> 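Dumping the structure here so I can ask a few things about it.
Side chains are part of it too, since the values below use all heavy atoms of this structure and drop only hydrogens, waters and symmetry mates. Everything numeric here is computed off the predicted structure, so don't read it as measured data. FYI, the numbering just counts along the sequence from 1.
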Amino acid sequence: MVEMEIGKTVLDGGWLAARSTEVEINGVELTTTQPPPTQPISPWMKAAVPGTVLGTLVENKLVPDPFYGLGNESIIDIADSGREHYTFWFFTTFECKLSNNQHVDLNFRAINYSAEVYLNGHKEVLPKGMFRRHSIDITDILHPDGQNLLAVLVYPPDHPGRIPPQGGQGGDHEIGKDVAAQYVEGWDWMTPIRDRNTGIWDEVSITVTGPVKIVDPHLASSFFDGCKRVYLHSTVELVNKNAGVAECSLNIQVSTELGDGTVLVEHLETQHVSISPGANIQYTFPELYFYKPNLWWPNGMGKQHLYNVEITVNVNGYGESDTWSHHFGFRKIESHTDSATGGRLFKVNDQPIFIRGGNWILSDGLLRLSKERYKTDIRFHADMNFNMMRCWGGGLAERPEFYHYCDLYGLLVWQEFWITGDCDGRGDPVSNPDGPLDHDLFLLCARDTVKLLRNHPSLALWVGGNEQAPPPDINAALKNDLQLHPYYMNSNNSGTSAITPVIKDPSQYLDGTRVYIQGSMWDGFADGKGDFTDGPYEIQNPEDFFKPDYYKYGFNPEVGNVGMPVAATIRATMPPEGWQIPLFKKLANGYIEEVPNPIWTYHKYIPYSKPGKVHDQILSYGTPKDLDDFCLKAQLVNYVQYRALLEGYTSHMWSRYTGVLIWKTQNPWTGLRGQFYDHLHDQTAGFYGCPSAAEPIHVQLNLETYSIEVVNTMSEELSNVAIEASVWDLEGECPYYKTSEKLTVPPKKVVPTFEMKYPKSKNPKPVYFLLLKLYDVSDNRIYSRNFYWLHLTGDDYKLLEPFKERRPPLKITSLTFIKGSSYEMRLHIQNTSKKPDSNTPLYRNSFIRRNGSCDKLDSSESFDLLDGKKHEISLYEKNKGSFSREYNKAMVSEVSGTGKGVAFFLHFSVHASKKEHNKVEDTRILPVHYSDNYFSLVPGEVMTVTISFEVPPGVTPQVTLHGWNHHDMHTIL
């Protein structure tokens with residue numbers, strides 16, 4: 001057997017599980033005298049580690065899929081079965097044989113809720129708490145031959161609670177007595193999790209070191225002279241596991257990767273440290289100086305530059321004993337309550353940032369978490385041009401992998417601790433007014449969480465709880481533990497003096513670099529006083545978002561809305577009885593009440609009407625005929641609702657608001673409310689309303705005043721630009737066309753320009769389309785494009801129903817690049833129903849949406865294959881070099897039409913190509929990243945869309961195009 005090298009080995013394979021009541025031997029016998037389980041023979045089964053008991057049972061098909069239809073109702077709840085039903089053994093083996101003077105720890109990054117660990121007959125108890133790490137020195141209990149038997153008996157939370165017949169927010173609130181995720185008893189958007197997430201739900205590993213071990217380094221940076229002079233501070237904990245004095249060389253190296261893959265070492269510092277036998281010490285490096293380092297910026301403000309910091313310890317007479325590395329971003333983040341709006345105003349690197357983001361629960365309700373799923377989740381948020389995610393207090397302390405991708409994609413994170421108003425003092429009935437029973441345990445978990453996450457630049461602030469502050473003693477302790485270092489206390493710190501040794505080094509604090517707020521409705525959030533002043537959570541009249549009195553306070557931490565997925569997702573996640581669309585019940589006041597089927601009700605469907613306030617928005621497009629028609633019309637509403645929400649708040653940027661977070665961006669199960677993409681990772685049309693509305697530079701229509709506004713969230717002035725506004729009717733004519741005078745838009749401003757007066761013109765059409773473009777006057781390059789479908793006051797969109805039969809011709813040119821299982825497509829889509837008019841800028845350019853970027857369209861990247869000129873070859877060569885494609889092909893597809901007009905609500909999808917399949921079968925390949933989808937093209941217009949996806953083994957992908965007036969499927973690839 002090969003001896004172990006210094007470093008970490010993750011134990012994520014070969015696990016078996018069994019219900020504790022079905023295993024007749026104890027842990028000592030299981031890991032010593034008795035033949036160990038070697039394969040999934042009853043009562044043992046393949047186990048999901050990391051994962052949960054319920055996830056393991058689902059994987060082995062021993063219970064129904066709780067997220068399919070009403071399957072969860074067939075699974076016994078822990079309140080009825082008793083805790084022992086979900087108390088499980090987890091068993092695995094691993095090889096580990098040490099060389100002289102090596103040491104090894106067994107690490108559990110999180111378990112829920114407590115456990116007994118047996119290794120080769122030795123027992124260790126893992127104490128309670130869902131959000132704490134456990135590390136056991138197993139050096140002396142490894143088996144001499146290197147073959148080790150590991151068994152873990154995991155117990156559920158102490159207070160799993162009972163689900164009342166009426167459901168409720170957090171069930172009966174008993175889970176609030178433990179330090180655990182609270183959503184597991186169910187919420188108004190979530191079904192109860194039957195095992196309350198019992199299991200080894202995060203990474204298990206062994207780490208091998210020499211005599212000295214590195215523990216929890218803390219990196220911090222301080223900024224002076226307007227971020228020109230920056231210092232890196234670092235403190236590390238060192239543990240000497242030997243019986244003798246350890247003479248050490250402690251090294252810190254800071255490097256960055258250049259564009260060509262070369263690694264540039266910017267700093268290398270070595271210090272000599274002497275550690276007494278068995279001692280545990282903290283050592284602080286001398287600060288490292290950087291002049292004008294590359295800064296880390298949030299999505300939409302700049303690049304996410306990351307340095308690699310590596311710390312190693314070498315022991316005399318031994319060599320390298322331990323090493324640790326972490327990506328680190330230099331960024332200065334601060335916030336204060338804005339005097340003009342009362343909202344909390346954030347600054348990053350001295351630049352104000354208007355917050356547009358969303359609330360996040362967790363990726364999956366059974367804790368089937370993975371790097372791949374996290375990467376998709378976070379990239380989706382970046383694709384929507386969001387810049388903040390709020391990790392809600394009833395969910396998780398998110399994992400390092402989550403934060404890693406937030407670092408890469410530029411998402412600021414608001415991380416809450418495990419307090420909710422519903423379960424901790426403000427529920428109905430009043431629940432646990434003193435919070436969790438064990439306050440010391442809560443604080444231990446909180447401090448350990450801080451150490452786990454504090455080095456991530458994306459982490460922006462700590463918050464005590466959701467709609468509630470922690471109990472006074474916990475709150476006071478968190479305020480003390482998370483107090484800001486003096487360098488970070490003044491939000492307008494412009495100090496120019498050098499670092500003085502009198503002040504305690506920032507890296508010696510538990511955190512000290514980011515603010516702690518006691519609750520989600522305090523100190524610049526909602527009314528700032530803790531009153532229930534967030535929301536609303538339902539369908540709205542789109543124009544209401546723009547009204548100055550829509551929301552009274554400066555920063556709304558939660559505002560929710562609808563979230564119906566596409567029809568394919570309904571069919572994939574529900575039996576046929578769940579495919580029935582709602583009944584539309586007309587009330588005496590003329591409003592419509594939607595009556596959904598029982599499965600939709602169970603999946604928390606939120607209706608598209610609000611009797612007494614909002615007429616049914618789906619019916620405004622006509623009565624849906626079936627599930628496909630209903631879901632397509634729902635996508636139209638989703639797009640309008642979420643674009644209007646973001647544009648409405650942005651319209652009052654800095655004058656009334658400093659930020660808004662949408663409740664919520666996704667569901668951790670197959671829920672039917674408040675989401676931009678479903679649990680299968682297919683986006684709704686609302687997803688694509690967001691990147692338009694949240695562009696760093698944006699042109700928009702104020703739906704209340706019909707004034708056209710230009711938004712500049714960047715730090716530089718926007719000059720030499722103009723607006724083009726064109727109205728298109730259902731016959732494909734352009735009855736209204738206007739361009740503005742040349743404009744200059746100051747940084748961080750919203751500028752109203754002219755009123756769009758088509759509705760006031762003579763004989764306006766009841767339904768029409770509006771296309772807005774913000775372009776550079778000098779070369780007609782487009783900064784922003786925005787397409788609306790509108791109706792006159794008092795009308796509706798029912799005329800769009802016969803418009804389905806007016807199908808304009810399309811020409812689609814595609815380049816496909818393939819490398820292994822990775823596909824990337826660049827598509828040009830042209831509405832060829834009208835010859836371009838070369839006298840207007842409308843037709844002189846293509847458009848590519850660049851999420852999170854304010855760059856103008858570079859014509860050299862447009863690869864306009866439609867005219868057949870040579871630049872298509874140069875673009876291919878450019879892309880071939882950057883992607884190292886193994887295979888490529890170009891295609892031209894032409895879709896015949898029945899007349900000129902707008903190609904409305906076009907959307908791509910990717911499927912597994914099959915000769916025969918029925919409509920029920922879900923052939924989608926997911927996830928897919930589209931630069932834009934659910935888009936529309938006026939006559940003669942061209943748009944570029946990029947698509948990227950991974951293809952499962954043995955599958956040939958098929959890319960198809962659908963549209964409102966292109967309802968037949970058109971195959972592109």
> Below 6.0 angstrom between ring centroids: does that apply to Phe908 and Tyr930?
no
> Identify whether NZ of Lys or CZ of Arg in Arg643 sits under 6.0 Å from the centre of the six-membered ring of Tyr788 and within 45° of that ring's axis.
yes
> Knowing that exactly one of Tyr688, Tyr642, Tyr639 qualifies, which makes a ring-ring contact (aromatic ring centres under 6.0 Å, His included) with Phe676?
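One option only clears the test, and that one is Tyr642.
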> With rounding to the nearest 0.5 Å, note down the distance linking CG in Asn556 to CG in Leu661.
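Rounded to the nearest 0.5 Å, the CG-CG separation comes out at 8.0 Å.
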> Just by distance, do the side chain of Tyr307 and the backbone of Asn294 share a donor-acceptor pair under 3.5 Å?
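Yes: the side chain of Tyr307 pairs with the backbone of Asn294.
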> Between the side chain of Glu824 and the main-chain N/O of Thr946, is any donor-acceptor distance below 3.5 Å?
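No, the answer is negative, given that no donor and acceptor are paired below the 3.5 Å cut-off.
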> Test side chain to side chain contact (heavy atoms under 4.5 Å, CB included) on Arg807 and Ser896; report intermediate values, then the result.
CA-CA 8 Å; Arg807 186 174 68 181; Ser896 60; 3.9 Å; yes
> About how many Å separate OH of Tyr409 and NE2 of His404, when rounded to the nearest 0.5 Å?
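His404 atom NE2 to Tyr409 atom OH measures 9.0 Å (nearest 0.5 Å).
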> Looking at Asp544 and Lys547, is there a salt bridge between them, counting it only when a charged N and a carboxylate O are closer than 4.0 Å?
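Salt bridge present between Lys547 and Asp544.
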> How about Asn561 and Ile662: do any of their side-chain heavy atoms sit closer than 4.5 Å?
no
> Do Ser707 and Glu755 pass the side-chain hydrogen bond (donor to acceptor under 3.5 Å, both in side chains) test, and can you show the C-alpha distance, the side-chain angles, and the key distance before you say yes or no?
CA-CA 4 Å; Ser707 169; Glu755 181 184 352; over 6 Å; no
> Rounded to the nearest 0.5 Å, what's the gap from CD1 on Ile708 to CD1 on Ile723? Could you check?
6.0 Å
> With a 4.5 Å limit on heavy-atom distance, are the side chains of Tyr621 and Val637 in contact?
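In contact.
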> Carefully, step by step, assess Asn933 and Gln683 under the rule side chain to side chain contact (heavy atoms under 4.5 Å, CB included).
CA-CA 9 Å; Asn933 221 354; Gln683 300 95 328; over 6 Å; no
> How close do Ser740 and Phe754 get, counting heavy atoms only, and between which atoms?
CB-CE2, 3.6 Å
> Would you say Lys375 has more than 12 foreign heavy atoms packed within less than 6.0 Å of its NZ?
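No, NZ of Lys375 has 12 or fewer neighbouring heavy atoms, counting only those of other groups under 6.0 Å.
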> What residue among Phe905, Phe935, Trp964 forms ring-ring contact (aromatic ring centres under 6.0 Å, His included) with Trp789?
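Result: among Phe905, Phe935, Trp964, Phe905 is the only option passing the ring-ring contact (aromatic ring centres under 6.0 Å, His included) with Trp789.
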> Taking all atoms of both residues into account, what is the closest heavy-atom pair of Ile697 and Ser784, and its distance?
O-CB, 3.6 Å
> Does any donor atom in the side chain of Thr665 or His381 lie under 3.5 Å from an acceptor atom in the other side chain?
yes
> Kindly say whether Ala382 contributes a backbone atom to a donor-acceptor pair with the side chain of Asn299 at under 3.5 angstrom?
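Pair found, side chain donor or acceptor close to backbone of Ala382.
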> About how many Å separate CD of Gln666 and CD of Gln675, when rounded to the nearest 0.5 Å?
8.5 Å
> So Ser651 and Glu709, do their side chains get closer than 4.5 Å, heavy atoms only?
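In contact.
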> Less than 4.5 Å apart, side chain to side chain, heavy atoms only: is that true for Leu771 and Ser726?
yes
> With sequence neighbours excluded, what pairs up with Phe769 under the ring-ring contact (aromatic ring centres under 6.0 Å, His included) test?
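Per chain and number, Phe769 pairs via ring-ring contact (aromatic ring centres under 6.0 Å, His included) with Phe787, Phe803, Phe904.
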> Determine yes or no for a side-chain-to-main-chain donor-acceptor pair under 3.5 angstrom, with Gln700 supplying the side chain and Gly648 the backbone.
no
> Once the angle between the rings of His681 and Tyr677 is folded into 0 to 90°, is it parallel (under 30°), tilted (30 to 60°) or perpendicular (over 60°)?
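Rings of His681 and Tyr677: tilted, 30 to 60°.
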> Measure from the side-chain N and O atoms of Asn638 to the backbone N and O of Phe687, and report whether any donor-acceptor pair falls under 3.5 Å.
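Checking the backbone N and O of Phe687 against the side chain of Asn638, no donor-acceptor pair under 3.5 Å is found.
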> Between Lys332 and Val348 (side chain of the first, backbone of the second, donor and acceptor by atom type, cut-off under 3.5 Å), is there such a pair?
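Here the side-chain-to-backbone pair does not exist.
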> I would like to know whether Leu295 and Phe223 meet side chain to side chain contact (heavy atoms under 4.5 Å, CB included); could you show each step before the answer?
CA-CA 11 Å; Leu295 301 178; Phe223 299 82; 4.1 Å; yes
> Side chains of Asn385 and Cys690, heavy atoms from C-beta outward: is any pair under 4.5 Å?
no
> Restricting to non-hydrogen atoms, name the atom on Ser931 and the atom on Val945 that form the minimum distance, rounded to 0.1 Å.
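Heavy atoms of Ser931 and Val945 come nearest at OG-CA, 3.4 Å.
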> Can Lys765 and Glu733 be counted as an ion pair, charged N to O under 4.0 angstrom?
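No, Lys765 and Glu733 are not salt-bridged.
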> Can you find a pair of side-chain heavy atoms, one from Asn712 and one from Lys749, that are under 4.5 Å apart?
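No, their side chains stay 4.5 Å or more apart.
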> Between Trp728 (side chain) and Val902 (backbone), is there a donor-acceptor pair under 3.5 Å?
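No: the side chain of Trp728 does not pair with the backbone of Val902.
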> Is it the case that atom NZ in Lys804 sees more than 12 heavy atoms from other parts of the structure closer than 6.0 Å?
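Enclosed.
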> So, do Val727 and Met756 sit near enough that their side-chain heavy atoms are less than 4.5 Å apart?
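The answer is yes, as the side chains (C-beta and beyond) meet within the 4.5 Å cut-off.
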> Taking atom NE2 of His907 and atom CG of Leu632, what is their separation to the nearest 0.5 Å?
6.0 Å
> Where the side chain of Ser655 meets the backbone of His652, is there a donor-acceptor pair that is under 3.5 Å apart?
yes
> Please check if the side chain of Asn965 supplies one atom and the backbone of Arg806 the other of a donor-acceptor pair under 3.5 Å.
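Yes, because the side chain of Asn965 sits within donor-acceptor range (under 3.5 Å) of the backbone of Arg806.
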> Work out which heavy atom in Glu717 is nearest to a heavy atom in Thr744; give both atom names and the distance.
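So the minimum-distance heavy-atom pair works out to CD-CG2, 3.3 Å.
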> Please work out whether the ring planes of Tyr657 and Tyr649 are parallel, tilted or perpendicular, with thresholds of 30° and 60°.
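Correct class here is tilted.
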> Output, in order, the C-alpha distance, side-chain angles, deciding distance and verdict of side chain to side chain contact (heavy atoms under 4.5 Å, CB included) for Thr341 and Phe555.
CA-CA 8 Å; Thr341 63; Phe555 192 119; over 6 Å; no
> Specify the closest pair of heavy atoms between Gln351 and Ser715, including all atoms of both residues, with the distance to one decimal.
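Heavy atoms only, the tightest pair is OE1-CB, 3.1 Å.
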> Quick one: are Glu647 and His698 in side-chain contact, heavy atoms under 4.5 Å?
yes
> What's the separation between atom CG in Leu701 and atom CG in Asn786, rounded to the nearest 0.5 Å?
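Interatomic distance, Leu701 CG to Asn786 CG, rounded to 0.5 Å: 8.5 Å.
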> List the atom of Thr832, the atom of Leu810, and the distance in Å for their closest heavy-atom pair.
OG1-N, 4.0 Å
